[in-house]
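Notes follow the structure.
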Amino acid sequence: MAYEPLGNASLSELEHESLKQWQAENLLRRALDGTGSGKPFVFYEGPPTANGRPGIHHVFARTIKDLVCRYHTMLGESVTRIAGWDTHGLPVEIEVEKALEINGKADIEALGIADFNERCKQSVFRYKAEWESLSERIGYWLDYDRPYVTYANDYIESVWWLLQQLAQKDLLYEGHKVLPYCIRCGTSLSSHELALGYDTHKSPSIYSLFRLVGKPAEPDRFLLVWTTTPWTLPSNTAIAVNPHLTYVELEVDGTRLIVEQSIAQYTAVPGATGGKPLGEFPVVETYKGTDLVGWRYQQLIDAVKIDPDRAFIVLSGDFVTSEEGTGLVHIAPAFGADDYQIIQREGLAFVNPVDTAGRFSGTDWPEINGLTVFEANPVIAKRLEDEGKLFGRYQAKGYEHTYPFCWRCDSPLIYYARKSWFVRTTAFKDKMLEFNDQVHWYPPEVGTGRFGEWLENNVDWALSRDRYWGTPLPVWICQSDDSHRVVVGSYDQLADLMGQPLPEDFDPHRPYVDSVALPCRECDGTMKRVTSVIDAWFDSGAMPYAQWHHPFENQQEFENHFPADFICEGLDQTRGWFYSLLAIAAGVHSETAYRNVIVNGLLLDVDGRKMSKRWGNVVDPVATVEEFGADAVRLYLLAGSQVWLPKRFDPKSIAEVSLGFLNQLRNTYGFFSLYAEDWEPQDAPPVEDRPVVDIWLMSRLDRVVVAVRNAWSGYDVTSGVRAIMEFCDADLSNWYVRVNRARFWAPDSQADRAALATLHTALTTVCRLLAPAAPFLSDAIHRRLTGESVHLAPFPTVEGRWSDSLDRAMHAVRTLAWLARSARDSRGLKVRQPLAHMKVAVPASVRGDEFDSLLRMLATEVNVREITVVESDESLVRLRAKPNYRTLGKVYGKATPVAAKLAVELTAAQLKGLEAGEPQTLESNGQTYEYRPEDVVVERDVATDWLVQSDGPFVAALDQHLTKELEQEGVAREVVNRVQRLRKEASYDYDTRIELGMSGSDGVLAAVDAHRTFIARETLARRVAIGSDLVSPDVSETVDINGRQVIVSLKRHDGGP
RNA sequence: GGGCCAGUAGCUCAGUUGGUUAGAGCGCACGCCUGAUAAGCGUGAGGUCGGAGGUUCAACUCCUCCCUGGCCCA
């Protein structure tokens, strides 16, 4: 047999065969080389961190990436798909800390940075093998020959160069900033890291009393201040009020309290006032916010030395709201962004009694020295209570809100003023916005909304990390004068500054680079490197340059591969890679880093919950792929819903969405291979010489090609996949193959050459369309059809064969076929029972030669002898007007319902006129209404004793009268059906010749006799014995034919064909 | 608290610039077909289109508010 069947192997087994074959053939390399001279299509792979197992969501993003890249490869473009690994950063350090069972910076430094970093480097590729094998298993084609690795010396040199570029434009600076800070990891987090770790948290809640001093101090009055961070109270230097709000002084149980007016109405402080809202106490005085500004108060906790001349004063702050708290906000400049800003503005004192490990140190209060801020909370509350400065009760978990946590170690973060290095992104915010406008986002609202909003509110990029395993910040500072600084942009420059060549085994990482001391060029001091490393997001955002070691080599390659035509990552990368790519491009370069982005949505579990290790609802990608096959998983992910919508991942529905489709495609190929035998593509007759149904299929195929190309060129992956699946199911399998089965099955002659050619073309084209989405089965079938891999084939092009009139004609035929089946169903008339006559009505636009030429096929499909296409004036059909509101509405506006109702009065003659394209008019209440052909759809009702079903203008009417002759033919078909079942029971091949014997009911035997030739042909019976049983048959059975019993026996015919 | 997205049949999803009786697949029920057969097809049941208002001759579609879920931000 020329066309190898797919056999009984599971999809997954077939895929393993393909994988072996691809590897042996080095197919990826051949596909890339084959298009090497094509137009470049640049794809950037967002580098995964290879220190964790890949998850099912990685399969999702990788499937989309793969589809787009394969599609462009098949278009003949030269597609860049270089693999990359993100190797630096805290996640790696955390893994190593866990493995070593150590915790925190002190432990790391005790171990030694050299040792620690070496372990980090080793751990990076721990899961690399798993990533690569999963990627390969799902058919994700990536060029692993020359991956970029962010810890490589060349890579780091490019990153240094970028930083130097920023510094030269005065875009790199050291500053103080209050940042979210993890006391466990000992590092501040960038805002995009912060985004990864918000969760609900129960914080303390405490109300404290600040005693006013100075002019308005008599009698004793207190400012009531609420905070969720009691540990910041010893560092209090000011209190802020909103100048536009109104404040009231209340007499509460003999104490005067000042709070904001509206808050007082509903605020009842737990443990105070017996649960009564403050607003129920008498108001002694009312103030504007501005009245309070400048008032002074006594230090709340005398534990930290603060110059009273530069502190303890009420300030004006617009950020104060009447939404929560008391309308008076405690200011601790070291522990809040707003706090720091307002203190800077007012020139007030800055204190920070908390060290980098989050512990109090150097205060005048020995009890809290050495406690972490979280441990200090209750101690501070206790002291306030003892000193009578606590209002109500301290609640350790009194306030639930969303709170930032460290995205890796899950510790609650604090806000903490740190010395830090920044990229001055605010200086080129407009450029980033401009670049963003040039990016095509899919879906667009991510770009304009989510990402655009984020850029609008951009703050400077906190770049430095006080950690170990990362690209070292290449800044050296003079020990004698810290204004003498140099930002090193290359290894040559470093050697030059050192005055000696770098060692052979130079490692730019810590701790080696830390020991590089440079003579200061501005004085005779010595320069040392700052100890920071940089944010790993900067590493990954540098990949367009660093993957080519730009600007040190590969200049041409770099230029050819900038910017990316396409990137694709999850929605969670909005503040991650999408940002770092764009920010570096805007800061250093003059062009956006990417042009098209597909943002894929999150994968949720069956119940719509986020997948998380904690929930134990994580889907194992390897097991899932092995169970269903990579193609099925890929199609499910692509076709289930638009890729940017959050998707509930339900393994069960993989079977529903894609397994059925793949099996159907497999069966369709199986059908072809069963009958094709020695047929060769060169035996194909010209398309125009084939039957109309073949030309129709070619027309449909053209349309699908257009649809898929449009969708995928526009990055709508889902619609393209759906269009292919729809075609295979509805057009190819369930119509073309179904109605043409007889042309293939021809044991006594040859299968129809044209039918084989048409099916071969359709299958080949489908495989090529499908290859980017389902690369395995499409390749297996394509190879069997053509002898070549689908992945070296071009993407199908439009052949110009589409025909509207032919599509309309076939649509009409299919509509009539299901109407006829439906009509039969209503009376239980089996399709096997032939009927004499069917009358059909179709819209005028359908009629014509093409429609007429399809009627024979329709007759066979619904098993009727004759079909008549009736005209509208036949008695069978009554015409009825159905108004088209859409067009009438445009003309009549408010009067539309009247005009629509009146249309019913159009006469049959008028309706025929409309069908002929002539406008008609009606009069009503002296008003003239004109109806154009498009204003009215002419419907047909059928009143007759025939079996009738209709759908709009389509009518099928079956003559249910059975003649004796029709009945006999029906019986003959029943007999054929029974014989076929017995053939199958006897396990005959489809072309086994038989002898057939029948005895029993005379009525059945008479029918068999009358249709002896037909039965013999259909069942491949070389001898038909009527009224006698065969001697020693292979199989013999009594069967029921329409209530009459006959014995049917079969025997293999030995006399040859 | 703010931004973005989603809410249509039991489940997964379509639904063009507002237009007539809101569709498909899966599942379910009942049939059909039986030379693609461990496949295939048809029919049916199943919907207050998240809720409430509004605009309009006409709202799943446009506007406002609200509810629920997801993501992001504060």
Side-chain angles (χ1 to χ4, degrees), chain A residues 8 191-192 194-196 198 319 321 323-324 337 401-402 404 443 445-454 456-457 570-572 574-575 599 601-602 604 606-610 636 639-642 644-648 650 652-657 660-661 663-664 666-675 718-719 722 725-726 729-730 733-735 737-738 741-742 744-747 817-818 820-822 824-826 828-832 882-890 892-900 937 949 952 976-978 980-981 983-984 988-992 1018-1020:
Chain A
N8 293 322
S191 43
H192 30 295
L194 189 64
L196 301 167
Y198 274 87
F319 56 86
T321 71
E323 300 292 323
E324 58 181 17
H401 56 156
T402 51
E445 59 270 14
V446 173
T448 54
R450 180 183 284 248
F451 195 57
E453 293 282 331
W454 150 262
E456 286 284 357
N457 299 316
L571 190 60
D572 51 348
T574 311
R575 273 91 180 156
V599 182
L602 243 77
L604 308 171
V606 187
D607 302 317
R609 288 187 312 174
K610 193 173 175 168
Y636 166 72
S641 58
Q642 287 293 345
W644 43 75
L645 298 174
K647 191 190 299 289
R648 294 185 178 199
D650 182 3
K652 271 187 301 200
S653 45
I654 295 175
E656 292 168 14
V657 172
F661 161 75
N663 280 328
Q664 200 174 32
R666 202 178 151 155
N667 271 321
T668 308
Y669 170 73
F671 181 84
F672 173 83
S673 73
L674 188 60
Y675 298 119
T718 302
S719 300
R722 283 179 172 169
M725 293 171 80
E726 171 73 15
D729 179 44
S733 176
N734 283 326
W735 191 250
V737 170
R738 176 191 164 81
R741 277 182 292 201
F744 293 91
W745 181 71
W818 74 254
R821 279 197 293 268
S822 170
R824 279 175 175 275
D825 201 55
S826 66
L829 261 180
K830 295 181 171 185
V831 177
R832 268 199 295 272
K882 188 177 169 192
N884 180 351
Y885 280 80
R886 192 189 282 263
T887 58
L888 285 171
K890 295 243 173 6
Y892 291 102
K894 283 195 187 199
T896 304
V898 181
V937 176
Q949 287 289 323
V976 168
N977 168 252
R978 301 309 188 280
Q980 302 292 24
R981 287 192 208 177
R983 283 180 59 100
K984 190 167 159 52
Y988 292 158
D989 287 338
Y990 81 94
D991 55 356
T992 301
E1018 291 295 313
T1019 64
L1020 297 181

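Being a predicted model, the structure only gives us computed values, none of them experimental. Reckoned from all heavy atoms, side chains included, excluding hydrogens, waters and symmetry mates. Chain A is the first sequence line, chain B the second, and so forth, proteins listed ahead of strands; every chain is numbered from 1.
Between B:rC13, B:rA36, B:rU43, one nucleotide has an atom nearer to the side chain of A:Ser733 than all others, and that is B:rA36. Of all nucleotides listed (B:rA14, B:rU37, B:rC57), B:rA14 comes nearest to the side chain of A:Arg722. Ranking B:rC13, B:rC32, B:rU17 by closeness to the A:Val831 side chain, first place goes to B:rC32. When the nucleotides B:rA6, B:rA36, B:rG19 are ranked by their closest atom to the side chain of A:Leu645, B:rA6 comes out on top. Residue A:Gln642 has its side chain nearest to B:rA14 when only B:rA36, B:rC57, B:rA14 are considered. Among B:rA36, B:rC57, B:rC32, the nucleotide with an atom closest to any side-chain atom of A:Leu674 is B:rA36. Ranking B:rU20, B:rA36, B:rC57 by closeness to the A:Pro897 side chain, first place goes to B:rC57. Nearest to the side-chain atoms of A:Tyr885 among the listed nucleotides B:rC41, B:rU43, B:rG19 stands B:rG19. Distances from the side chain of A:Lys984 to the nucleotides B:rA38, B:rU20, B:rC41 place B:rA38 closest. The side chain of A:Gln664 sits closest to B:rG40 out of B:rC13, B:rC33, B:rG40.
In this structure, A:Ser719 reaches neither bases nor backbone, as no heavy-atom distance under 4.0 Å exists between it and the strands shown. Note on A:Glu726: nothing from the nucleic acid sits closer than 4.0 angstrom, heavy atoms only. Nucleic acid contact for A:Thr887: none, since no nucleic acid atom lies under 4.0 Å from a heavy atom of the residue. Note on A:Pro883: a base of the nucleic acid sits closer than 4.0 angstrom, heavy atoms only. Heavy atoms of A:Gly670 sit nowhere under 4.0 angstrom from any nucleic acid atom. A:Val737 comes within 4.0 angstrom of a nucleotide base, judged by non-hydrogen atoms across all strands. Residue A:Asn663 is out of contact with every strand shown, counting any heavy-atom pair closer than 4.0 Å. Here A:Thr896 lies in heavy-atom contact (under 4.0 Å) with a base.
Nearest-nucleotide assignment on RNA chain B puts the 5′-proximal partner with A:Asn667, out of A:Trp818 and A:Asn667.
One atom, CZ of A:Arg821, and another, C1' of B:rG40, lie 11 Å apart when rounded to the nearest Å. Taking atom CZ on A:Arg648 and atom P on B:rA6, their separation rounds to 16 Å, with Å as the unit. The distance from atom CE of A:Met725 to atom P of B:rU12 is 17 Å, rounded to the nearest whole Å. Between A:Asn734 atom CG and B:rG42 atom P the separation is 7 Å, expressed in whole Å.
A distance of about 29 Å separates the C1' atoms of B:rA45 and B:rU68, rounded to the whole Å. As rounded to the nearest Å, B:rU43 and B:rC33 have P atoms that lie 15 Å from one another. Comparing B:rG50 with B:rG15, their P atoms are spaced 14 Å from each other, to the whole Å. Taking the C1' atoms as reference points, B:rG54 lies 25 Å from B:rU16, given to the whole Å. Separating the C1' atom of B:rG7 from that of B:rG47 is a span of 14 Å, rounded to the nearest Å.
Taking 3.5 Å as the limit, the base of B:rU43 and the side chain of A:Arg824 contain no donor-acceptor pair of atoms between them.
Of the possible donor and acceptor atoms, none in the side chain of A:Gln664 sits under 3.5 Å from a partner among the backbone N and O of A:Asn734.
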